[in-house]
Q: 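The structure that follows is given in the form of structure tokens.
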Amino acid sequence: MSKMFPIFLDLENKRIHIYGAGRIASRRVKTLQLFGPRMIVHAPEASCQIQKAADEGVLMLRRECYQPGSIPADVFFVLAATDDCEVNEQIYRECREKGILVNVCSNRDHCDFHFPGIVSRGDLVVGVNAGGKDHSLAKKWTDRIRKEVEKDGYDNQAEKASNHSRSSEDGAGDKDG
């Protein structure tokens, strides 16, 4: 597999379907919550974390197994995170047929995108990926970056820079103005 290009996407109000509600799906849902998508989780049983998110209205939980042909064509992307590799492969094939981006937790070769380690504070968002091959390496660097952001006492520098840029465009920062 070739190197993947890092990209930041606006997920707010985008429809994301997640199949499975165990440990991997729970971690991904927790991270996705930061970015405001409309998540629908399909699973006959759910982790406490996913059930809590459903109870709080963060996502919709459908207590059902994947049914072939059931993925809506207008979904932004799909996470296949069931504990059954064959079901994950069926989800992958359906997404391929419908042109939907998909990430299959049990097969990195069947991923249109990787799910990065995320560090987020204020406007700063950092994503870490190790090519889908070494999750412990990605976690190690995500944790190191998180510690640096916390240690430096992050003070929302991106927002300050954006405000300064707008002030300069308005002439507020011009000496001649």
Side-chain angles (χ1 to χ4, degrees), residues 1-120 125-143 146:
M1 178 181 262
S2 61
K3 285 187 178 187
M4 296 187 102
F5 177 76
I7 188 169
F8 289 81
L9 299 169
D10 178 5
L11 295 182
E12 186 140 2
N13 291 315
K14 300 283 192 302
R15 290 180 49 204
I16 297 172
H17 283 234
I18 301 154
Y19 292 86
R23 184 177 51 84
I24 293 171
S26 295
R27 279 197 331 257
R28 293 180 179 181
V29 161
K30 182 179 178 184
T31 299
L32 286 169
Q33 284 178 277
L34 302 171
F35 302 96
R38 291 185 295 145
M39 295 181 282
I40 300 174
V41 175
H42 305 263
E45 296 181 24
S47 70
C48 292
Q49 182 180 344
I50 287 182
Q51 183 61 60
K52 182 179 180 208
D55 292 344
E56 294 172 351
V58 172
L59 58 82
M60 181 184 299
L61 176 58
R62 294 187 180 160
R63 292 194 175 271
E64 61 190 15
C65 294
Y66 164 74
Q67 296 297 318
S70 66
I71 301 172
D74 63 345
V75 171
F76 189 67
F77 70 71
V78 168
L79 298 176
T82 75
D83 59 2
D84 185 326
C85 292
E86 182 52 41
V87 170
N88 289 344
E89 292 303 308
Q90 289 174 354
I91 293 167
Y92 167 77
R93 287 191 296 274
E94 182 173 342
C95 288
R96 273 281 158 279
E97 290 170 10
K98 293 180 177 179
I100 300 169
L101 294 172
V102 64
N103 175 285
V104 179
C105 74
S106 57
N107 186 339
R108 73 170 184 250
D109 293 331
H110 287 173
C111 294
D112 293 315
F113 62 93
H114 290 162
F115 208 88
I118 299 283
V119 175
S120 178
V125 178
V126 178
V128 178
N129 179 277
K133 297 175 187 169
D134 191 343
H135 298 295
S136 64
L137 178 64
K139 182 178 180 348
K140 173 183 170 183
W141 279 98
T142 301
D143 291 343
R146 184 174 291 113

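Model, not experiment: these values are computed from the prediction.
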Q: Do F76 and L9 have side chains that get closer than 4.5 Å, going by heavy atoms?
A: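 Yes. Closest side-chain heavy atoms under 4.5 Å.
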Q: Could you grab the distance from atom NZ of K14 to atom CZ of F35, nearest 0.5 Å is fine?
A: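 Those atoms lie 13.5 Å apart.
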Q: Below 4.5 Å, heavy atoms only, C-beta onward: do K30 and V58 meet side chain to side chain?
A: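 K30 does not reach V58 side chain to side chain.
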Q: Would you say Q51 and R63 are linked by a side-chain donor-acceptor pair, where the criterion is simply a distance under 3.5 Å?
A: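 Short answer, yes.
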Q: Heavy-atom count around E86 CD within 6.0 Å, excluding the residue itself: above 12?
A: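 Buried by this count: over 12 neighbours within 6.0 Å.
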Q: Do you know which two heavy atoms are closest between A130 and L137, and how far apart they sit?
A: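 Scanning both residues, the minimum pair turns out to be CB-CD2, 4.1 Å.
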Q: Are the side chains of F8 and V125 in contact, using a 4.5 Å heavy-atom criterion?
A: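 They are in contact (side-chain heavy atoms under 4.5 Å apart), so the answer is yes.
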Q: If every non-hydrogen atom of N88 is compared with every non-hydrogen atom of A80, which pair is closest and at what distance?
A: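 That would be OD1-C, 3.6 Å.
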Q: Determine whether I18 and R28 make a side-chain contact, defined as any pair of heavy atoms from C-beta on separated by less than 4.5 Å.
A: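 Heavy-atom side-chain distance check fails, nothing below 4.5 Å.
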Q: Can you establish whether the number of heavy atoms outside D84 located under 6.0 Å from its atom CG is more than 12?
A: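 Counting other residues, nucleotides and ligands, CG of D84 exceeds 12 neighbours.
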Q: Distance check, rounded to the nearest 0.5 Å: Y19 atom OH versus E94 atom CD?
A: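 So the gap between those two atoms works out to 6.5 Å.
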Q: Quick check: do H110 and R93 have side-chain heavy atoms less than 4.5 Å from each other?
A: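 No, every pair of side-chain atoms sits at 4.5 Å or beyond.
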Q: On a heavy-atom basis, which atom in T82 and which in C105 lie closest, and how many Å separate them?
A: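 The answer is O-SG, 4.3 Å.
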Q: Quick check: closest heavy atoms across A21 and A46, and the distance to 0.1 Å?
A: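 Between these two residues, the closest heavy atoms are CB-CA, 3.6 Å.
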Q: Roughly how far, to the nearest 0.5 Å, is the CZ atom of R27 from the CD atom of Q49?
A: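 One gets 10.0 Å once the value is rounded to the nearest 0.5 Å.
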Q: Could you measure the distance from the NE2 atom of H135 to the CG atom of N129? Nearest 0.5 Å is fine.
A: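 It comes to 9.0 Å.
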Q: Provide the closest heavy-atom pair for G20 versus A43 in the form atom of the first, atom of the second, distance.
A: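 What the structure gives for the nearest pair is C-CB, 3.9 Å.
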Q: State, to 0.1 Å, how close P37 and L32 come at their nearest heavy-atom pair, and which atoms those are.
A: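 The pair with the smallest heavy-atom distance is CD-O, 3.1 Å.
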Q: Checking side chain to side chain contact (heavy atoms under 4.5 Å, CB included) between C95 and each of V102, D112, N103, which is the one that passes?
A: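 The passing option is V102.
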Q: Quick one: are R146 and D143 in side-chain contact, heavy atoms under 4.5 Å?
A: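 A side-chain contact under 4.5 Å exists here.
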Q: Hey, does I50 have a side-chain heavy atom less than 4.5 Å from the side chain of L61?
A: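 Yes, close enough: below the 4.5 Å cut-off.
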Q: With rounding to the nearest 0.5 Å, note down the distance linking CE in M39 to CD in Q33.
A: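 If we round to the nearest 0.5 Å, M39:CE and Q33:CD are 5.0 Å apart.
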Q: Between F113 and L79, is any pair of side-chain heavy atoms under 4.5 Å apart?
A: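 Yes, side chains in contact.
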Q: Rounded at 0.5 Å granularity, tell me how far CD1 in I100 sits from CD1 in I91.
A: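 Taking CD1 in I100 and CD1 in I91, the distance rounds to 11.0 Å.
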